[in-house]
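Working notes, beginning with the structure itself.
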2 protein chains.
Amino acid sequence: MPSLSSGLLGDLDPTSDRAVFRQIADQLREAIDRGRFKEGEKLPSEAELVDHYGVSRMTVRNSFSVLQGEGLVHAEHGKGVFVRPRPPVRRLASDRFARRHREQGKSAFTVEAEAAGSHPQVDSLEVKEEKASQDVSARLGSVRRVLARRRRYLLDGRPVEFATSYLPLDIARGTPIAEPNPGPGGIYARLEELGHRLDHFEEEIRARMPSPGEVRTLRLASGVPVIHLIRTAYDSEGRAVEVCDTVMAADAYVLSYQLPAT
Amino acid sequence: MPSLSSGLLGDLDPTSDRAVFRQIADQLREAIDRGRFKEGEKLPSEAELVDHYGVSRMTVRNSFSVLQGEGLVHAEHGKGVFVRPRPPVRRLASDRFARRHREQGKSAFTVEAEAAGSHPQVDSLEVKEEKASQDVSARLGSVRRVLARRRRYLLDGRPVEFATSYLPLDIARGTPIAEPNPGPGGIYARLEELGHRLDHFEEEIRARMPSPGEVRTLRLASGVPVIHLIRTAYDSEGRAVEVCDTVMAADAYVLSYQLPAT
DNA sequence: CACGCTTACTCGTATAGACGAGTGGGCAAG
DNA sequence: CTTGCCCACTCGTCTATACGAGTAAGCGTG
């Protein structure tokens with residue numbers, strides 16, 4: 001095994017007032033940034049770093065936890081600590097709901113993912129009527145109950161997005177929208193067939209750390225935030241006809257918007 | 001001092017295979033969610049929790065570090081651990097660069113913040129020519145050097161955003177754009193005066209954990225991600241005339257976009 | 001009254017040790 | 001050769017202890 005003294009990592013500065021575990025984290029971070037440890041590569045084990053720096057194990061673990069919080073590394077029980085690989089990113093363009101993209105039988109997610117050479121998958125579909133949350137009710141214009149469509153999207157087996165659509169019952173009940181599979185073009189195509197010509201969307205974007213439940217459903221590594229997107233669809237009469245609440249693994253997405261300068 | 005046995009926190013389940021520090025974190029998280037501990041309020045001290053649960057201090061600290069990673073609490077040396085208050089949020093609407101908002105003498109940031117009753121502030125302004133990064137060069141169409149305008153925005157004394165604008169030298173050099181204060185309406189007004197009629201913007205949005213440098217300049221609490229926004233401005237001839245790279249404290253922003261359904 | 005010191009309480013850093021549990025390779029038995 | 005066990009190595013959890021350093025309030029001194 002190659003010794004750590006081979007130069008990858010330096011020494012501690014005992015005169016520095018920077019905490020030892022921070023100095024170690026700094027050195028590891030720099031080594032990662034410089035590409036000395038590449039994506040997916042294993043870092044030195046805790047024991048090796050204990051030997052190299054002459055500190056206690058908890059100190060080394062403390063360093064790792066700093067880097068984990070930054071989303072730089074992740075630990076695997078029984079294997080080691082690894083540089084977190086940057087997954088393929090899904091680009092969401094602002095024209096992704098344009099009518100011209102609504103022709104095919106497959107969902108936008110599926111089409112786009114296959115074009116990018118990934119294996120898409122949709123699961124945990126749940127469609128049911130329920131009480132509207134205060135926020136959803138406000139966005140939809142004071143409706144009491146709604147149809148909720150929940151689904152999770154996976155890319156190459158990895159969950160990347162969890163979304164729930166809420167629709168007023170007077171629009172959705174008894175229509176294909178209330179079916180698990182709403183048919184080609186998705187619920188937006190069905191809405192237009194039902195006479196609700198879509199006029200525009202409004203999207204609100206936040207970023208935050210995930211709740212424990214979100215960590216579970218999206219199988220998030222520590223140090224990965226989520227993008228929380230809330231889209232409201234309005235028809236040509238100005239009525240809100242759908243609210244879609246989406247939580248995305250932030251490391252899997254880039255959102256892209258085109259804005260007029262007028 | 002009120003005893004912790006007053007019911008705020010429960011007991012541990014020794015039969016559970018959930019780690020003790022996770023159980024403690026769960027109980028604290030639930031108490032926070034239920035509002036038993038309010039925003040800004042102090043949680044029980046480490047010593048109190050040690051007594052209450054009968055565990056060692058490191059175990060309690062481990063619980064706190066979980067909650068810190070979730071952005072729920074923050075520790076203050078010598079004082080205690082507090083529920084992290086949700087700061088006032090700045091809303092960025094997609095029409096914020098419309099020409100009609102470009103009339104006044106003050107910057108959009110200043111106008112908007114004062115309207116919201118906050119005290120805005122802009123500092124660390126740096127304007128200089130420099131070598132374009134590979135990414136900026138690609139976005140601007142293979143320029144070698146650029147004018148960089150760096151500034152930091154504060155709201156009520158708290159840094160919330162750090163932005164750098166990059167402009168091709170052939171456009172910006174020797175113009176008011178190269179001055180620390182470009183004048184009323186900002187650099188977009190100057191660009192239009194110089195004959196570059198703005199046509200549209202493209203914005204790319206990512207979310208991630210901050211680098212150590214970003215933690216410093218934005219004075220970020222741990223567990224707060226950043227929103228990374230890269231805007232490219234195009235003139236009516238289709239030329240990219242500015243790239244603006246912005247890093248925002250995610251807990252201080254909601255981005256809002258209006259999309260046509262066409 | 002005002003100032004400065006002491007003191008108690010807070011979290012921060014670090015050590016040393018123990019046991020548990022997941023992983024994977026090697027080796028021995030069948 | 002295959003199967004299954006063992007073992008070495010990995011990280012996960014927890015304890016107990018020690019000292020440092022920031023904070024705030026009280027108390028005594030001038």
Side-chain angles (χ1 to χ4, degrees), chain A residues 1-4 11-28 37 40-69 72-84 215 221-223, chain B residues 1-4 11-28 37 40-69 72-84 215 221-223:
Chain A
M1 168 185 316
S3 157
L4 283 180
D11 293 319
L12 298 177
D13 175 4
T15 71
S16 165
D17 53 357
R18 189 155 178 81
V20 171
F21 76 89
R22 285 186 207 287
Q23 291 187 46
I24 296 176
D26 289 345
Q27 292 191 13
L28 291 170
F37 299 112
E41 211 171 301
K42 186 176 167 305
L43 294 180
S45 74
E46 295 175 357
E48 284 171 325
L49 290 171
V50 163
D51 286 347
H52 177 76
Y53 288 113
V55 297
S56 82
R57 186 171 159 228
M58 288 311 287
T59 301
V60 170
R61 280 182 63 77
N62 214 341
S63 311
F64 277 152
S65 100
V66 168
L67 299 178
Q68 226 169 96
L72 276 180
V73 306
H74 70 112
E76 290 182 35
H77 193 169
K79 298 202 212 165
V81 178
F82 301 83
V83 179
R84 201 160 64 74
V215 167
S222 65
Chain B
M1 166 185 316
S3 159
L4 283 180
D11 293 319
L12 298 177
D13 174 5
T15 71
S16 165
D17 53 356
R18 188 153 178 82
V20 172
F21 76 90
R22 285 188 207 285
Q23 292 187 47
I24 297 177
D26 290 344
Q27 294 193 13
L28 291 170
F37 298 112
E41 213 172 298
K42 187 176 166 301
L43 294 180
S45 75
E46 293 176 356
E48 284 171 325
L49 291 172
V50 164
D51 286 349
H52 177 76
Y53 288 113
V55 298
S56 84
R57 190 173 157 225
M58 288 311 287
T59 301
V60 170
R61 282 182 63 76
N62 213 340
S63 311
F64 278 150
S65 99
V66 168
L67 299 178
Q68 228 169 96
L72 275 181
V73 306
H74 70 111
E76 291 183 36
H77 193 169
K79 297 202 214 165
V81 178
F82 301 83
V83 180
R84 200 159 65 74
V215 167
S222 66

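The chains referred to below are lettered A, B, ... by the order of the sequence lines, with proteins before strands, and numbering in each begins at 1.
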Task: Side-chain (E46(A)) to main-chain (V60(A)) donor-acceptor, under 3.5 angstrom - done: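 No, the answer is negative, given that no donor and acceptor are paired below the 3.5 Å cut-off.
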Open item on the list: Donor-acceptor check, side chain of E41(B) to backbone of V83(B), threshold 3.5 angstrom: yes or no?
Closed with: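 Answer holds: no.
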[X] has an atom [atom1]; how far is it from atom [atom2] of [N], in whole Å?
| X | N | atom1 | atom2 | value |
| --- | --- | --- | --- | --- |
| E76(B) | dT23(D) | CD | P | 9 Å |
| N62(B) | dA14(C) | CG | P | 17 Å |
| F64(B) | dT13(C) | CZ | P | 15 Å |
| D51(B) | dA16(D) | CG | P | 13 Å |
| H74(B) | dT10(C) | NE2 | P | 17 Å |
| K42(B) | dA24(D) | NZ | P | 12 Å |
| D17(B) | dA21(C) | CG | P | 10 Å |
| E46(A) | dA16(C) | CD | C1' | 15 Å |

Nearest to the side chain of [X] - [options]?
| X | options | result |
| --- | --- | --- |
| T59(A) | dT13(C), dC11(C), dT15(C) | dT15(C) |
| H77(B) | dG12(C), dT10(D), dT13(D) | dG12(C) |
| F21(A) | dT10(C), dA14(C), dC14(D) | dA14(C) |
| A19(A) | dC14(D), dT10(C), dT13(C) | dT13(C) |
| A75(A) | dT13(D), dA14(C), dG12(D) | dG12(D) |
| K79(B) | dG12(D), dA24(D), dG22(D) | dA24(D) |

Counting C-beta onward and ignoring hydrogens, is there a side-chain heavy-atom pair between [X] and [Y] closer than 4.5 Å?
| X | Y | result |
| --- | --- | --- |
| L28(A) | L72(A) | no |
| S16(B) | Q23(B) | yes |
| F64(A) | L49(A) | yes |

Task: G78(A) or S56(A), whichever maps to the more 5' nucleotide of DNA chain C - done: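 Looking at the nearest nucleotide for each, S56(A) comes out on the 5' side.
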TODO: Indicate whether OP1 or OP2 belonging to dC11(D) is found under 4.0 Å from a side-chain N or O atom of R61(A).
DONE: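 Answer is no, no contact under 4.0 Å.
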Open item on the list: Counting only side-chain nitrogens and oxygens, does R22(B) get under 4.0 Å of the OP1 or OP2 atom of dT13(D)?
Closed with: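 So the side-chain polar atoms of R22(B) do come within 4.0 Å of the phosphate oxygens OP1 or OP2 of dT13(D), strictly under.
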TODO: May I ask you to verify whether the side chain of R57(A) and the base of dG12(D) hold a donor-acceptor pair under 3.5 Å?
DONE: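 Between dG12(D) and R57(A), which were checked side chain against base, a qualifying N/O pair under 3.5 Å is present.
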